[in-house]
Amino acid sequence: MSQPGFFELAGFSADGWGHALLAGAWMTILVAIAGYAVGACIGTLGAWAKIAGNGFARAAADAYTTVLRGIPDLLVIYLFYFGGSAVVTAVGRLFGAEGFLGFPGFLAGSLAVGVTSGAQFTEVLRGGFKAVHPGEIEAAIACGMPRWLRLRRIVAPLTLRHALPGLGNVWQVVLKESALVSITGVAELLRQAQVGAGSTGLPFDFYLMAGAIYLMISTVSSLVLQQAERRLSRGLGRRG
């Protein structure tokens with residue numbers, strides 16, 4: 001019996017893997033969104049620590065960015081997955097559970113991706129803040145604007161405008177890093193491609209399909225980010 005062709009494999013028939021690959025692509029997007037959100041929260045705190053924090057906060061933020069930017073992302077995922085499983089198993093034994101208790105792969109992967117991307121978020125947001133013209137802040141102070149109102153109406157929007165290109169690059173990196181989460185057993189796109197390759201003996205076809213889907217997601221993301229950048233950057237070029 002002959003093997004199905006490439007387009008038949010990518011289809012949605014009985015022999016096609018279209019449904020599985022689309023489900024994997026959706027899981028990839030979910031992991032990327034969750035990791036991006038975690039990284040944004042951590043990066044905001046890290047940028048604040050480097051800009052306005054005390055000596056200890058700045059030192060902690062510097063140590064965080066140095067360590068996380070200096071070790072492989074795959075190692076961070078391993079540490080979260082196996083370290084989390086060890087903690088869950090230990091807690092389970094306190095309540096009478098027996099055997100090994102695994103840490104959820106999606107949670108471990110999302111947290112690991114978030115922690116690694118948080119280091120990049122920190123530097124991008126710090127750079128965005130540094131790009132804000134001091135006169136903008138001085139004018140708000142001269143108008144008697146309170147600190148938190150000044151942050152909400154002046155500092156945060158302008159920082160976001162300047163940081164948006166870098167934040168878009170972080171999203172693309174997070175999207176690619178989500179493929180590493182397959183080692184935790186999460187059925188994301190690369191994992192589904194691996195299963196399909198093993199089941200059919202056609203690894204090139206499945207990895208080619210996975211690459212095409214990653215490229216489509218990345219392209220759509222780039223278009224959305226470029227549109228957002230154009231909208232938020234209106235008027236910046238006219239400022240002197």
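Residues: numbered from 1 along the sequence shown.
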Only one of Thr219, Ile213, Leu215 clears side-chain contact (heavy atoms from CB on, under 4.5 Å) with Ile217; which?
Ile213
So which heavy atom on [X] is nearest to which on [Y], and how close?
{"X": "Trp171", "Y": "Ser221", "value": "NE1-OG, 3.0 Å"}
{"X": "Ala119", "Y": "Leu68", "value": "CB-CB, 3.9 Å"}
{"X": "Glu123", "Y": "Arg69", "value": "CG-NH1, 3.3 Å"}
{"X": "Ser222", "Y": "Gln172", "value": "OG-NE2, 2.8 Å"}
{"X": "Ala197", "Y": "Pro203", "value": "CB-CA, 3.5 Å"}
{"X": "Gly128", "Y": "His162", "value": "O-CB, 3.8 Å"}

Separation between [atom1] of [X] and [atom2] of [Y], rounded to the nearest 0.5 Å:
{"X": "Thr65", "Y": "Asp62", "atom1": "OG1", "atom2": "CG", "value": "5.5 Å"}
{"X": "Leu208", "Y": "Leu202", "atom1": "CG", "atom2": "CG", "value": "12.0 Å"}
{"X": "Leu164", "Y": "Arg231", "atom1": "CG", "atom2": "CZ", "value": "12.0 Å"}
{"X": "Leu189", "Y": "Met209", "atom1": "CG", "atom2": "CE", "value": "10.0 Å"}
{"X": "Ile183", "Y": "Leu74", "atom1": "CD1", "atom2": "CG", "value": "4.5 Å"}
{"X": "Thr28", "Y": "Ile33", "atom1": "OG1", "atom2": "CD1", "value": "11.0 Å"}

Between [X] and [Y], is there a shared hydrophobic cluster once you connect ILVMFWY residues whose side-chain heavy atoms come closer than 4.5 Å?
{"X": "Leu175", "Y": "Val115", "value": "no"}
{"X": "Ile29", "Y": "Val181", "value": "yes"}
{"X": "Trp26", "Y": "Leu107", "value": "no"}
{"X": "Leu111", "Y": "Val87", "value": "no"}
{"X": "Leu151", "Y": "Phe129", "value": "yes"}

side-chain contact (heavy atoms from CB on, under 4.5 Å) between Leu125 and Trp48, intermediate numbers included
CA-CA 9 Å; Leu125 292 176; Trp48 168 84; over 6 Å; no
Heavy-atom side-chain contact between [X] and [Y] under 4.5 Å:
{"X": "Tyr64", "Y": "Ile42", "answer": "yes"}
{"X": "Val38", "Y": "Val113", "answer": "no"}
{"X": "Phe103", "Y": "Thr89", "answer": "no"}
{"X": "Thr184", "Y": "Tyr78", "answer": "no"}
{"X": "Val174", "Y": "Thr116", "answer": "no"}

Aromatic contact between Phe121 and Tyr36, with the criterion being ring centroids under 6.0 Å apart: yes or no?
yes
Working for side-chain contact (heavy atoms from CB on, under 4.5 Å), residues Phe106 and Met27
CA-CA 9 Å; Phe106 178 87; Met27 182 59 68; 3.7 Å; yes
Are Glu229 and Arg161 within salt-bridge range, i.e. N to O under 4.0 Å?
no
Would you call Glu188 and Arg191 a salt bridge, taking side-chain N to carboxylate O under 4.0 Å as the test?
no
Between Val155 and Val132, does the side-chain contact (heavy atoms from CB on, under 4.5 Å) criterion hold? Intermediate values first, please.
CA-CA 7 Å; Val155 178; Val132 176; 5.6 Å; no
How far apart are the C-alpha atoms of Tyr214 and Leu190, what are their side-chain angles, what is the distance that settles it, and do they pass the side-chain contact (heavy atoms from CB on, under 4.5 Å) test?
CA-CA 9 Å; Tyr214 275 117; Leu190 184 59; 3.8 Å; yes
Ignoring hydrogens and angles, tell me if any N or O in the side chain of Arg150 forms a donor-acceptor pair with the backbone of Ala140 under 3.5 Å.
no
Going by atom types only, do Glu177 and Ser117 share a side-chain donor-acceptor pair under 3.5 Å?
no
